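Worksheet for the structure shown next.
Please read all numbers here as calculations on a predicted model, not as lab measurements. Note on naming: letters A, B, ... go to the chains in the order of the sequence lines (proteins, then strands), and numbering restarts at 1 for each one.
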Amino acid sequence: MPEFQFQSLAEFFAMGGHAKYVWSSYGVFALMIAYNLIQPVLAKRRIIKAQKARMQRNSA
Amino acid sequence: MWQWFLQLGSPRLFYSKTDRYLPWLSWITVILLGTGLAWGLAFTPPDYQMGENYRIAYIHVPMATLAMGCYAMMACFSAGYLIWKIKVADMIAKACAPIGASITAVALATGSLWGIPTWGTWWIWDARLTSTLIMLFLYVGIIALRSAFDSIDSGARACAVLSLVGVVNLPIIKYSVDWWNTLHQGASNLSLSDTAANPPEVWIPAFFVGFGILGFFLIALILRTRNEILLRERRAQWVSDLVEGNQKESGHA
Amino acid sequence: MMNNSRMGLGSVIVATVRRELLLAFRSPGDVINPLMFFIIAVTLFPLGGGADSAFLSGIASGVIWVTTLLAIMFSMESLFRADYEDGSLEQLLMSPQPLYFLLLAKVLSHWLIACLPILILAPVFAVMLAMPAAGILPLILGLLAGTPILCLLGAIGMALTVGLSRSGLLLAVLILPLYIPVLVFGTGMVSAALDSLPYTGLLALMGAMLVLAICLSPLAIAAALRISVN
């Protein structure tokens, strides 16, 4: 069974002195994922809003 | 199977079917990515040569693979659009470009961050970094070409032709860059992707992360494609019904 | 122009090339401008980087190749633009002759007009950039095999963008990444020769790419032109 490889949480965050590189890599990765999920959701909201406005114009 | 595939070719059915798939896909992705990343970050032993730094590889390697894979996928859907005139195929191909570009950018960024401690510099003209950079140029070209056209149809066909031209050139470009690299600096033998040398406790989490990232890619692709469907089918009755349904839901909330 | 459908294939190609050359000599800018661009751009490198001959000989093949590549890319505008505007591109697409060969003939004549002068001047500039004599022959052979590939790929990009009003920089973004293999093997031939290694293998590779480009790119050009003209 895999074991926790670090003595403490602080050591985990320090990543054996490579904290900067490891955590900024994972940070960039997380940002990319967030962008690719949030952008379509916002875009969908915009599209639906525009569609509603168009439907109201047409029915008016 | 074939029936199912044909149904996905209709924008409306694609929309309603993916409605059902998305929750499942999301849960599987969250579980895979969560376990894989936690495992890779904290529960696998450090590399004896690179120490903790090699943990970057858990995201770098799948990103770099997906950068190429996404381009191949875009080309396949482009071919599908050109040959069978399936509109959904073009919408998927259109969705591939920005996702692929952002994945390629992350592959480059993680590659350089990994390079600082391993190579002592954040950028070297390593064959893989260079061909990933060129990959990014190819994506940027596709996005730029699409946005230059006013007509959706012409833009779609032009992009399809360009991505097919790109996919024919891709192996040649990759081969030439590999050759160029050996000429100018000798092959760098710091490659992490040769899994043969890696023990199971290293590659099992990599497997989890890899499939998790694939799941994320599919979700992002489906979300973008659905938006494109809504936009292009906005005159269809089912889209109006959908928007009205949405209105009711938000009215209740 | 070529409305006689019983004309043989060879004479169609000859007629197309002759027409293109005639048009080029009526507007000599198409011949002179790529050449002048090449000359001026090459001159900028010693002025910007220093005239030290050791430095220059290190970058000579790269400078000549990159400048040639850019000159070809900028010259692409004259391949389809005028024909697109006066409608003869539409006629070309509807011509009874096989489009594949008509397009090859057009690209061939563009190569004669825009690339051949550069090719003739390239050794002169190679010497001015202090390239050792052993590098000159592989440079010319490389350019001879490589520039037609660049023209064919550039024609695809131009065909895709000819319908757009401002296409200059878009064209660069589209086709420069595709130019990389030619650049790599072209400059590689010169470096190999300067290290007294054989370069015929690379030349053969370049030839293979040329054959591939001749086979496939007219198809892509035709598809792209149909999109742009419609």
Per-residue contact mode, [X] against chain B (heavy atom under 4.5 angstrom):
X        : value
C/Leu170 : side chain
C/Leu169 : neither
C/Leu183 : neither
C/Leu160 : both
C/Thr161 : side chain

Only one of C/Ile221, C/Leu219, C/Leu216, C/Ile175 passes side-chain contact (heavy atoms from CB on, under 4.5 Å) with C/Ile156; say which it is.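 That would be C/Ile221; it is the only one of C/Ile221, C/Leu219, C/Leu216, C/Ile175 passing the side-chain contact (heavy atoms from CB on, under 4.5 Å) with C/Ile156.
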Short side-chain to backbone donor-acceptor contact, C/Asp86 and C/Ser88, under 3.5 Å: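 Yes; at least one donor-acceptor contact below 3.5 Å.
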For the CZ atom of B/Phe137 and the CG atom of C/Leu176, what is their distance to the nearest 0.5 Å? 9.5 Å
Answer yes when B/Asp90 and B/Arg232 have at least one side-chain N-carboxylate O distance shorter than 4.0 Å, and no when they do not.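 Yes, this pair counts.
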Are C/Phe185 and B/Trp180 an aromatic pair, judged by ring center distance below 6.0 Å? no
Side chain to side chain, B/Ile86 and B/Tyr81, heavy atoms closer than 4.5 Å: no
C/Met189 and C/Leu137, any side-chain heavy atoms less than 4.5 Å apart: no
Where along residues 65-77 of chain B does a heavy atom come under 4.5 Å of chain C, listed by residue number? none
For a quick test of your reading: what N or O donor-acceptor pairs under 3.5 Å do the side chains of residues 96-108 of chain B make, sequence neighbours left out?
unit_1	atom_1	unit_2	atom_2	d
B/Ser102	OG	A/Asn36	ND2	2.9
B/Ser102	OG	B/Pro98	O	3.3
B/Ser102	OG	B/Ile99	O	2.9
B/Thr104	OG1	B/Gly100	O	2.6

Chain C: which of B/Val177, B/Leu170, B/Leu145, B/Leu138 shares the most heavy-atom pairs with it under 4.5 Å? B/Leu145
Does atom CG (B/Asp150) have a neighbourhood of more than 12 heavy atoms from anything else shown, all under 6.0 Å?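 Counting neighbours around CG of B/Asp150, 12 or fewer heavy atoms of other residues, nucleotides or ligands fall under 6.0 Å, so no.
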